[in-house]
Structure formats: C-alpha cells, structure tokens
**Student:** 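Shown below is the structure under consideration.
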Amino acid sequence: MPDAVPDAAIMTDVILNVSDITVEYGTSGKPARAVDQVSLELSRGEFLGIVGESGCGKSTLLFAIAQLLSPPAQLVAGRVTFKGRDMVGLTGEALRTLRWRDYSVVMQSAMNALNPVMTVAAQYDDAMRAHGIGDTTQIRARAREVLALVGIDAVHLKSYPHQLSGGMRQRVMIAMALLLSPDLIVMDEPTSALDVVAQRSLMVQVKELQRRLGFAVIFVTHDMSLVGHFSDRLAVMYAGRIVEIGPTRPLFANPQHPYTRGLLDSFPSVHGPKVHLEGIPGAPPDLADLPSGCRFRPRCPDVMPRCAEVEPALYPAAEADVRCLLYETPHG
Ligand code: ADP
Ligand code: MG
C-alpha cells in the first residue's frame, strides 16, 4: 500500500523527469511555442494536476511527455526521462513496448481512442497480446478484473463503444489503461465530456484506484476545482509556461501568482455556478507573438513597470515556485 510508505521515501523516488521541454507548431513563419522550457518531476505514486485555460499548452505538454507528438508539433528542446530511460528519440517499436506496460494514456474522448468496430474484449485482447500475453484464459480474467476495478459489469466486454454511455466509455478506457499495471497514467481532461456529477464520481474512482494500486498520475484539466481534492501537487500553466507549481493544499489556500488567484476566483466553489474567469479580464496572448517581459502582464491586476522589461524566472514563494516578479529574490 502506498499509504504505508513514508513521505520522505515517496519524495525521493522520482519516476519521471521532464527537463526544459520546448514544443513548437509550424516550421514556416513564426512558430507558436506551445510549451516553453517546462520542467517538472513526478514521484512514484504521486498525483500531479496540470491546470490552465484552454490553449495554454497542457495537451501539448502531455503529448511531449508521452512521446505522442506529431507534425506540425515539433519538440525543439528538452529531455524526458522515465524510469531512468531517455524517452526522446526512442523508436516506435521501443515506445510500443513501454506504452500500456509502463505508462498509459487516457485521452479526452474515449470515443476517439477506442476502435468503434471492436468490442471492449477485442480491444483489451489486442493490447495484451501486443505485450506478449497470449493465454486466452489469462486475458479474459484480467479483462474482467480491470472492468471490476472501475465498476463495470463483465457483460460489457461484449459491448461496442457506441453501446456504452460517455461515462462508461471513459471507465472502459481507464480500465484499459490499467490492464498491464503501469507505473504512470497520463490523463488529458478525461472527464470533460461528462456532466458534473459523472465527472465527480469518475474523479473519486481514479483517486481510489491510484491509492490502491499505487500508480502515478498526471491529470490535465482546465477546471481547477476538479483537481483540488485529488492531486498532491499542482502545476499552473499560462501561455506555454509553468507559472506556479507546488503542493495542492497550500496552493489553493494561499495562491501566489496573480493568475492562480484569478483562476481560483473564477471557480467560487466546487458545487457553485462556474463564472468563466471573471477574475481575469482579457484573453491569453498569441503564442507566436508574445508580449515583452511577463506573458501575463497585459491581464495582471498587480502589474509593475518592470514586468514589461524582464521575463520572470520561477522564484520560491510560500510553499510553491512562482513565475512572478513580486517574488523576485533581490540580487538573485
Ligand atoms: P490546451 O491543451 O491547454 O488547450 P494545446 O496544447 O492543445 O492547449 O495547444 C496549445 C497551443 O498550441 C494552442 O494555443 C495553439 O497555439 C497551438 N496548437 C495546438 N495544436 C495545434 C496544431 N495542430 N497546429 C498548430 N498549432 C497548434
Ligand atoms: Mg487540451
């Protein structure tokens, strides 16, 4: 049980290291730099939330981590080390070996990720056979087992994706992600197509599975309130960069970056009405034409003259690292 592992041991057991990742779209003209020098670490069994407005680079970052980028997206710099292995430049063959077995990816829409003309059983069967598990009895048993983990009756092994509700499809995808017991599951807004009640119950289930089985999670969402109760740490992205990263509870209680404060103001409560970014007027910048200095400056309620001149680094503030000149260390 991961609960039995002392915190200190968890913190030193890094399974994923993302170092200075930069991804651009488009080679001609001025490229849009969707992810700009992003670094982060993930410990074994940790639940990291990545939040930010639509278009800030969350999916691109996740795809860069999972080695799923395709043109016109281009990784222009950075390293991804997963379980001690350098992931960048691995061949398709090597990646196929790692995928499902060492890490799984759950996309926003299971309808797109699942094959519409194959039953659930056939898709699970394919994934397991691709990893050398050929024993039909063993495959069937495991398929039933993972479906039970997400609360779906085994009769649905015979179902086609369109015969399932949206919530059930997402559960079927999550169960598939668990088939080979990976150490990491990356999820890109897996609940965003669901209604609020279904979102909540799926989140509770993901969290429960993560506690029980001990895998690490990177969970991307534009809805900060969704990850508040479930993540250990949060990374807030703005215009391709991490602007605040730290342990979830203090980050919610005491947000440091003016953007994080605005995001939190936009979601008055988990159950209350969603006021769309009322705390932050304006829109994120064009990633191919960024403002000088701080990217959040044009929308920032705390803007200072210096913000137009200097692009802030990440500075320690409270329990987080924050990309804001309010926390600039003197002579640093
Ligand atoms: P998020 O997941 O946070 O909504 P994305 O990673 O999907 O953001 O996109 C980040 C930025 O990358 C977009 O704002 C856009 O500028 C650029 N982008 C994404 N997909 C493409 C694409 N297929 N072609 C060109 N630019 C893209
Ligand atoms: Mg996205």
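We count ligands from 1, going down the list as the structure has it; atoms in each ligand are counted the same way. We're numbering straight along the sequence, starting at 1.
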**Student:** Establish whether Phe215 and Val227 are linked, either directly or via other cluster members, by ILVMFWY side-chain heavy-atom contacts under 4.5 Å.
**Tutor:** yes

**Student:** Hey, is Pro72 touching ligand 1 through its side chain, its backbone, both or neither, going by heavy atoms under 4.0 Å?
**Tutor:** side chain

**Student:** Identify which one of Arg140, Met176, Arg144 satisfies the side-chain contact (heavy atoms from CB on, under 4.5 Å) criterion when paired with Tyr124.
**Tutor:** Met176

**Student:** Closest by any non-hydrogen atom to atom 4 (O) of ligand 1: pick that one out of Ser70, Gly55, Gly26.
**Tutor:** Gly55

**Student:** Looking only at protein heavy atoms, which one is nearest to atom 8 (O) of ligand 1, and how far off is it?
**Tutor:** Gly57 N, 3.2 Å

**Student:** Check whether Phe230 and Met237 end up in the same hydrophobic cluster, where Ile, Leu, Val, Met, Phe, Trp and Tyr are linked by side-chain heavy atoms less than 4.5 Å apart.
**Tutor:** no

**Student:** Give the ring-plane orientation class for Tyr259 versus His257, where under 30° counts as parallel, over 60° as perpendicular and anything between as tilted.
**Tutor:** perpendicular

**Student:** Please determine whether side-chain hydrogen bond (donor to acceptor under 3.5 Å, both in side chains) holds for the pair Ser201 and Arg171, giving the CA-CA distance in whole Å, both sets of side-chain angles, and the decisive distance to 0.1 Å.
**Tutor:** CA-CA 11 Å; Ser201 94; Arg171 283 186 163 81; 3.1 Å; yes

**Student:** Using a strict cut-off of 4.0 Å, indicate which atoms of ligand 1 neighbour a heavy atom of Ser59.
**Tutor:** 1 (P), 2 (O), 6 (O), 7 (O)

**Student:** Test of understanding: given a 4.0 Å heavy-atom threshold, classify the contact between Thr60 and ligand 1 as side chain, backbone, both, or neither.
**Tutor:** both

**Student:** Can you list the atoms of ligand 1 that are under 4.0 Å from a heavy atom of Leu287?
**Tutor:** 11 (C), 14 (O), 16 (O)

**Student:** Taking the ring of Tyr103 and the ring of Phe82, is the distance between their centroids below 6.0 Å?
**Tutor:** yes

**Student:** Looking at ligand 1, does Gly52 have a heavy atom less than 4.0 Å from it?
**Tutor:** no

**Student:** Below 2.8 Å, any N, O or S contact between Ser59 and the Mg ion (ligand 2)?
**Tutor:** yes

**Student:** How about Arg85: does its CZ atom have over 12 heavy atoms from other parts shown lying under 6.0 Å from it?
**Tutor:** no

**Student:** Quick one: do the Ser39 and Ser19 side chains pair a donor with an acceptor below 3.5 Å?
**Tutor:** no

**Student:** In terms of atom number and element, which parts of ligand 1 are under 4.0 angstrom from non-hydrogen atoms of Ser54?
**Tutor:** 4 (O)

**Student:** Side chain or backbone, does Ala32 bring an N or O within less than 3.5 Å of an N or O on ligand 1?
**Tutor:** no

**Student:** Between Ala34 and ligand 1, does any nitrogen or oxygen pair lie at a separation below 3.5 Å?
**Tutor:** no

**Student:** Among all the protein's non-hydrogen atoms, which is closest to atom 23 (N) of ligand 1, and how far away is it?
**Tutor:** Tyr25 CE2, 4.0 Å

